[in-house]
> 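One structure, pasted below without further comment.
Protein chains get the first letters and strands the later ones, always in sequence-line order, with residue 1 at the start of each.
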Amino acid sequence: MKLTKAQQALLDGSKGETMAKVVKTLVMYGEAFGAKRMVPVTSNYGHTVISYGLSAMKPVNALFQELIDAGLTEGQKFTADPRPLDKNVPSSLLEDIVFKKIMYSQQNLMEKQLEQLGIIDDDAYTCTCYVDQMDNRPKQGDILSWAESSAVVYANSVLGARCNRNSGIIELMGSVAGFVPEFGLLTDAGRKADWVIEVKCENKPEAQLLGSAIGMKVMEDVPYVKGMEKWLGNELDEDACSYLKDFGAATASNGAVGLYHIEGLTPEAKQQGEKLIKKNAKVYVIDDAELERVQQNYPIIWKDVNARPELCFVGCPHMTLKQMEDWADDLERELRKNGLDRVTVPTVFTASPAVIKELNKTIYAYKLKSYGIIVSYICPLMYMNNPLCKKKAVITCSNKLRTYTSARFYKESEILEIITRKEAK
Amino acid sequence: MKEFKGRVIVPGTCTAEALVSHGGFNTLASYQMALMFGDKNVKCGDQNNPDLYKQPMIGKALCLPMTIGSTTGGMILYTACAAGKQPACMLFSKPIDSLAASGAILGDVWTDAVMPVVDSLGDDFLETVQTGDIITIGEDGIVTVE
């Protein structure tokens with residue numbers, strides 16, 4: 001890799017040993033992928049996947065402290081993934097002890113370190129930093145140093161920004177240094193599609209199921225998806241963006257997709273069309289039967305597969321304002337139909353602090369509360385990452401949550417039916 | 001005995017027992033419970049990986065096509081290295097992915113752990129190697145399976 005004089009000086013220790021290690025890490029990272037140079041980070045803000053002070057992650061705290069002690073706190077400001085704890089989310093006394101005293105004993109330290117390293121503010125904790133209500137929405141062509149698989153795939157695909165699937169820690173090093181190695185999704189060649197996905201479903205496919213099927217098939221490759229126009233249209237309106245948020249999260253967590261193109265909809269697909277598709281791209285045809293096959297193959301790891309659901313999570317990734325409003329309308333209709341006032345399964349909707357603030361200005365906040373819905377800024381994935389939750393019958397329409405925890409996946413329509421079912425009382 | 005030539009990502013030599021994942025290795029799902037609750041054997045917690053689920057990973061020659069899943073992956077590998085709970089080595093049949101590379105490099109630059117990493121060993125490598133085989137990595141990155 002050819003470094004500029006300034007970059008070489010940093011590598012040689014002109015700003016101290018720790019900065020030299022930061023640059024060495026970025027150089028090795030780039031060299032593993034044949035990067036020829038570093039390019040400046042051009043977005044206003046970074047985004048880090050690290051927000052939880054797990055006791056097991058003390059080495060991460062130690063590394064952060066090394067950066068802070070070396071005075072490397074003037075880099076790009078950033079948002080971070082959601083917090084792992086919220087007292088509003090149902091938990092037993094034992095769970096509270098496990099969460100606070102054992103698992104997340106380093107949470108205060110982590111948040112203090114993130115503040116020192118440059119988190120934007122106390123409300124900057126969400127996996128959907130790119131929604132309108134947040135202030136971290138890159139432009140097409142911006143070079144990012146982000147991590148969080150669902151945010152990276154959204155920024156690349158829906159916003160047309162350029163970001164590799166960086167790991168936690170590496171993304172902060174890019175923000176500290178102000179440059180990242182140029183390879184993969186930062187290059188034109190790396191953004192070409194390896195796969196053509198032909199969607200031939202009768203009805204609008206569930207976003208998180210379609211994303212899962214594609215992710216498991218193409219893994220880290222770039223898919224070019226055809227056949228979605230009749231459901232998503234040609235404009236990136238709120239509904240389309242919400243759909244693509246959930247779709248992308250499933251491609252990234254069930255596989256390793258960092259970029260997808262939707263024919264006639266996402267920016268590069270609109271601008272370049274089928275020129276984005278590589279010669280000899282592979283083809284994957286998806287119909288309703290294929291989606292059914294994919295869903296049926298998900299392992300169910302509940303001890304009692306017929307257990308009554310104890311908890312439901314909607315919002316991994318965090319919900320948009322529009323999604324919360326639509327769910328409120330759907331709940332109102334179904335509860336009324338079933339002669340109920342409140343949901344019959346404890347249910348948590350998660351969203352960014354900024355979206356929750358906006359929600360609270362509307363009638364929908366009152367409606368959701370009256371239906372028994374708990375609205376939280378929590379990360380459901382982090383909440384469920386413990387043996388106690390593993391024993392719980394938790395349901396979700398998030399394929400990401402299903403992948404990493406014991407939560408059982410249902411389609412959104414199925415979740416709605418389950419949590420408003422009278423006999424569940 | 002069969003030899004495979006790959007590309008050295010993190011140099012080093014080692015001899016260890018193979019643990020083979022034919023599907024993508026989900027680093028977060030595999031490590032999270034073991035790291036969080038101090039499992040000394042570092043048993044794999046990824047229910048979607050039938051090759052590895054509940055198998056001890058510490059000290060093994062982890063043979064895999066690539067890693068998948070959350071972008072915490074590299075940070076998790078770094079944490080495993082810092083805690084001395086890393087595999088003996090990681091051997092990729094495909095070119096290494098960005099998350100695995102991050103973890104391997106963070107472990108190399110920021111910890112004292114030794115975890116040689118070789119990629120691009122080819123599909124034939126994963127078709128040949130079986131869990132329990134003895135793997136040796138030489139100075140030149142040549143991987144021997146016996």
> Less than 4.5 Å to any heavy atom of chain A: does that hold for the side chain of Q32(B), its backbone, both, or neither?
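Only the side chain of Q32(B) comes within 4.5 Å of chain A.
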> Can you tell me which portion of M216(A) sits under 4.5 Å from chain B's heavy atoms? Options are side chain, backbone, both or neither.
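Neither; nothing under 4.5 Å.
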> Can you tell me if CG on D112(B) sees more than 12 non-hydrogen neighbours from other groups inside 6.0 Å?
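No, CG of D112(B) has 12 or fewer neighbouring heavy atoms, counting only those of other groups under 6.0 Å.
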> So which residue, N166(A), N254(A), L381(A), ends up with the most heavy-atom pairs under 4.5 Å with chain B?
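Highest number of pairs under 4.5 Å: N166(A).
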> E66(A) versus chain B, heavy atoms under 4.5 Å apart: side chain, backbone, both or neither?
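Interface part for E66(A): side chain.
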> Quick one: which of S70(B), G73(B), A101(B), A82(B) has the most heavy-atom pairs under 4.5 Å with chain A, could you say?
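Max contact count across the listed options: S70(B).
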> So which atom in T79(B) and which in A56(A) form the shortest heavy-atom distance, rounded to 0.1 Å?
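That would be CG2-O, 3.3 Å.
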> Of the backbone (N, CA, C, O) and the side chain (C-beta and beyond), which part of T48(A) lies under 4.5 Å from a heavy atom of chain B, both, or neither?
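Neither part; nothing is under 4.5 Å.
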> For A32(A), does its backbone N or O pair with a side-chain atom of R7(B) as donor and acceptor, under 3.5 Å?
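Yes.
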> For K391(A), I'd like to know if atom NZ has over 12 heavy atoms of other residues, nucleotides or ligands within 6.0 Å.
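For K391(A), atom NZ is not crowded (no more than 12 foreign heavy atoms under 6.0 Å).
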> Looking at side-chain heavy atoms only, is the closest gap between M75(B) and M57(A) below 4.5 Å?
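Of all side-chain heavy-atom pairs linking M57(A) with M75(B), at least one is under 4.5 Å.
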> Enter the distance from K94(B):NZ to M219(A):CE here, rounded to the nearest 0.5 Å.
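Rounded to the nearest 0.5 Å, the NZ-CE separation comes out at 8.0 Å.
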> So, the side chain of S167(A) versus the backbone of L99(B): is there a donor-acceptor pair under 3.5 Å, distance only?
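Absent.
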> On a heavy-atom basis, which atom in A29(B) and which in T403(A) lie closest, and how many Å separate them?
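Answer, listing the atom of A29(B) first, then T403(A): CB-O, 4.5 Å.
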> Heavy-atom cut-off 4.5 Å, strictly under: side chain, backbone, both or neither for S253(A) against chain B?
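Answer is backbone: N, CA, C or O of S253(A) sit under 4.5 Å from chain B.
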> Strictly distance-based, threshold 3.5 Å: is any side-chain N or O of E220(A) a donor or acceptor partner for the main-chain N or O of M66(B)?
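The answer is no, because no donor-acceptor pair under 3.5 Å joins these two groups.
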> Heavy-atom distance under 4.5 Å to chain B: side chain of Y52(A), backbone, both or neither?
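Contact with chain B is through the side chain of Y52(A) alone.
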> OH of Y29(A) to OG of S98(B): how many Å apart, nearest 0.5 Å?
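Output value for this atom pair is 4.5 Å.
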> Report yes if the side chains of S149(A) and T71(B) come closer than 4.5 Å at any heavy-atom pair, otherwise no.
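The answer is yes; the side chains approach within 4.5 Å.
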> Side chain from CB out, backbone as N, CA, C, O: work out which of these in N26(B) comes under 4.5 Å of a heavy atom of chain A, or both, or neither.
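For N26(B), the side chain is the part near chain A, not the backbone.
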> Can you find a heavy atom in the side chain of Y404(A) that is under 4.5 Å from one in the side chain of T72(B)?
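They are not in contact (no side-chain heavy atoms under 4.5 Å apart), so the answer is no.
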> Which residues pass the salt bridge (charged side-chain N to carboxylate O under 4.0 Å, His left out) test with R408(A), not counting sequence neighbours?
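If we apply the salt bridge (charged side-chain N to carboxylate O under 4.0 Å, His left out) test to R408(A), skipping adjacent residues, there are no hits.
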> Tell me, for V22(A) versus chain B, whether the close heavy atoms (under 4.5 Å) come from the side chain, the backbone, both or neither.
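Both backbone and side chain of V22(A) come within 4.5 Å of chain B.
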> Measuring heavy-atom distances to chain B, does T18(A) have an atom under 4.5 Å in its side chain, in its backbone, in both, or in neither?
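Its backbone and side chain both get close to chain B.
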> Between A147(A) and chain B, with a heavy-atom cut-off of 4.5 Å, which part of the residue counts as in contact: side chain, backbone, both or neither?
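Looking at A147(A), backbone and side chain both touch chain B.
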> Which region of M33(B), side chain (C-beta onward) or backbone (N, CA, C, O), has a non-hydrogen atom less than 4.5 Å from a non-hydrogen atom of chain A, or is it both or neither?
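Just the side chain, heavy atoms under 4.5 Å.
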> Please determine, among I301(A), I50(A), T405(A), L54(A), the option with the most heavy-atom pairs under 4.5 Å with chain B.
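Answer, by heavy-atom pair count under 4.5 Å with chain B: I301(A).
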> So which residue, L28(B), L35(B), I9(B), ends up with the most heavy-atom pairs under 4.5 Å with chain A?
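Counting heavy-atom pairs under 4.5 Å, the top option is L28(B).
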> Which atom names give the shortest non-hydrogen contact between Y78(B) and I169(A), and what distance separates them?
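Taking Y78(B) first and I169(A) second, the nearest heavy atoms are CD2-CD1, 3.6 Å.
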> Sort M103(A) into side chain, backbone, both or neither according to what part of it lies under 4.5 angstrom from a heavy atom of chain B.
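The answer is the side chain of M103(A).
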> For chain A, which residues from residues 48-65 of chain B have at least one heavy atom closer than 4.5 Å to it?
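Checking residues 48-65 of chain B against chain A gives N48(B), Y53(B).
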> Quick check on N164(A) against chain B: is it the side chain, the backbone, both or neither that has a heavy atom closer than 4.5 Å?
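For N164(A), no heavy atom lies under 4.5 Å from chain B.
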> Enumerate the salt bridge (charged side-chain N to carboxylate O under 4.0 Å, His left out) contacts for residues 67-89 of chain B, please, sequence neighbours excluded, ordered by first and then second residue.
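Of all non-adjacent pairs touching residues 67-89 of chain B, none passes salt bridge (charged side-chain N to carboxylate O under 4.0 Å, His left out).
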> What I'd like to find out is whether the side chain of W110(B) reaches to under 4.5 Å of the side chain of P59(A), using heavy atoms alone.
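A side-chain contact is absent here, since even the closest heavy-atom pair is not under 4.5 Å.
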> Any chance you could measure L106(B), atom CG, to M173(A), atom CE, to the nearest 0.5 Å?
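That separation rounds to 5.5 Å.
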> Please enumerate all residues that pass side chain to side chain contact (heavy atoms under 4.5 Å, CB included) together with D108(B), with sequence neighbours excluded.
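In terms of side chain to side chain contact (heavy atoms under 4.5 Å, CB included), with neighbours along the sequence ignored, D108(B) is linked to M28(A), V10(B).
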